[in-house]
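Down below is the structure, laid out as structure tokens.
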Number of protein chains: 2
Amino acid sequence: MTELAELPAVPGAARTQGRPRSSRAHEAILEAVLDLIEEGTTVEALSMEAIAARAGVGKATIYRRWAGKDELLLETLVKLKGPAPQPSGESLRADLIELLSVVGKKDQRAVRVMPCLMPEVSRSPEAYRIWQEAITEPRREVMREVLRRGVASGELRADLDLEVTVSMLISPLLLHRMVRWNPRLDEVDDLVAQVVDVVLRGVAA
Amino acid sequence: MTELAELPAVPGAARTQGRPRSSRAHEAILEAVLDLIEEGTTVEALSMEAIAARAGVGKATIYRRWAGKDELLLETLVKLKGPAPQPSGESLRADLIELLSVVGKKDQRAVRVMPCLMPEVSRSPEAYRIWQEAITEPRREVMREVLRRGVASGELRADLDLEVTVSMLISPLLLHRMVRWNPRLDEVDDLVAQVVDVVLRGVAA
DNA sequence: GGATTCCGATACGGTTCCGTTCCGTATCGC
DNA sequence: GCGATACGGAACGGAACCGTATCGGAATCC
């Protein structure tokens, strides 16, 4: 159980004295937050006591690292989603299918967490901003780039509205994988391909 | 302010004695729930105390009608959404535009409430069932019927997957109007028409 | 070895909410 | 008028959680 050194939050503050903070405790706390949310605790109902208990950690250990619940949740959210995936560039259709296939498939925990974040995101402008910048916008940009190549190659209409097209591609997948908006889609096994094909035909040059 | 007689919960129990329950209080309680949620209170953080205070009602008056918060929220949710809208039947394209245009436009309160319901819906199978039966499924069925007429008239492919098509039409609108998934779509003024046109071209016969 | 800091655990006072119970008053059927 | 019930309001004991403080012990640097 190697205890890794923590990077000081403020670069100038070289804290070398005393026992270093346990990175194990750090990880355990973040994991506890994700676990609890996955188990059905709302973001808002998350209690520091429950987090500490689940992580096997004293409350003071949490407050030593984060000022409050908001800061802790922010770090957890950013950690949850890695960088946006990159398409292989094989073809327009293949790239879109590739990108859409991973929606909600990588980390099952993320799927559970997202709906719990919705109230927060729709209430707090700050949460909305972070969510946009760290989660949704980078992924949209990847898909925009794929579409731009399709326009450049002449496959797609030149006057294509990128935002609308991206939304038409992503939205059905998101809504199904995140909140199971229509349970009947469970039985559609090639949902991604169908969506891509209809949209591509609809916006073909 | 006429005080309407309450229907007894149990049909056999004819309660004629004493002062009847105030339907005004009843309405005030339901309105208070909606108001509080609209103002940013999560479903889960809703307190009976706050509801009573907002409604100008004693807590006992609430507990006299509902066994707990869950029952109260259920009645509120069902009341929130009226029956599904009906299209005028002018044309396939016009009907779809008509149906999609009202998404999130009728009652602004519903738009605010929906994201707050997501955690509940994704956690509780019972909440999911009610939400499906009372809210989403009836609206999907209306749209399916419009598409069936399009298939019958030969405008649409005969082997059309209704569920996928409905999802492709509704999802971009829902995601934008409900949680503003992509803020750049704010500036697209004919979003509904664009979505409808792309899908119709994509699934044309 | 000594100083320092972090560790998990526990306790604290304060706040909020729960669901119930009791007021004194108001409104109904008879 | 009288009995029955609902009303708004206030108070209750109990529970959960907040953020802080303090404990004895452990880990690290000098």
Query raised in the report: What nucleotide among C:dT20, D:dT20, C:dC6 has an atom nearest to a side-chain atom of A:Y63?
Result: D:dT20
Give me the distances for all protein-to-nucleotides 21-25 of chain D N/O pairs that come in under 3.5 Å?
unit_1	atom_1	unit_2	atom_2	d
D:dG25	N2	A:R19	NH1	3.1

Between [N] ([atom2]) and [X] ([atom1]): distance, integer Å:
X: A:I62; N: D:dC17; atom1: CD1; atom2: P; result: 13 Å
X: A:R24; N: C:dC6; atom1: CZ; atom2: C1'; result: 14 Å
X: A:H26; N: C:dC7; atom1: NE2; atom2: C1'; result: 16 Å
X: B:W66; N: D:dA6; atom1: CH2; atom2: C1'; result: 14 Å
X: B:R65; N: C:dG19; atom1: CZ; atom2: C1'; result: 17 Å
X: A:E44; N: D:dA16; atom1: CD; atom2: P; result: 18 Å

Query raised in the report: With a 4.0 Å cut-off on heavy atoms, is B:L46 in touch with a base, just the backbone sugar-phosphate, or nothing at all?
Result: sugar-phosphate
Query raised in the report: So what does B:G68 hit on the nucleic acid, given a heavy-atom distance under 4.0 Å: a base, only sugar-phosphate, or nothing?
Result: nothing
Query raised in the report: Between A:E120 and A:S124, is any side-chain donor less than 3.5 angstrom from a side-chain acceptor?
Result: no
Query raised in the report: Any luck finding a side-chain donor-acceptor pair between B:T42 and A:R123 under 3.5 Å?
Result: yes
Query - Aromatic plane relationship, B:W66 with B:H26 - under 30° parallel, 30 to 60° tilted, over 60° perpendicular - result: tilted
Requested in this report: Please say which of A:E31, A:E39, A:E38 ends up in a salt bridge (charged side-chain N to carboxylate O under 4.0 Å, His left out) with A:R54.
Outcome: A:E39
Query raised in the report: Got a salt bridge between B:R140 and B:E145, using NZ or NE/NH1/NH2 to carboxylate O under 4.0 Å?
Result: no
Query raised in the report: Contacts to DNA chain D from residues 47-55 of chain A, heavy-atom cutoff under 4.0 Å, which residues?
Result: A:S47, A:M48, A:E49
Requested in this report: Establish, with yes or no, whether the OP1 or OP2 oxygen of C:dG8 is under 4.0 angstrom from a side-chain nitrogen or oxygen of A:T61.
Outcome: yes
Query raised in the report: Backbone N or O of A:P119 within a donor-acceptor pair of the A:S122 side chain at under 3.5 Å?
Result: yes
Query - Check: A:E90 main-chain N/O paired with A:D95 side-chain donor or acceptor under 3.5 Å - result: yes
Query raised in the report: What do the steps show when you test B:V203 against B:L147 for side chain to side chain contact (heavy atoms under 4.5 Å, CB included), and what is the final call?
Result: CA-CA 10 Å; B:V203 298; B:L147 291 176; over 6 Å; no
Query - Heavy-atom closest contact (A:N182 atom, B:R144 atom, distance) - result: ND2-NH2, 4.5 Å
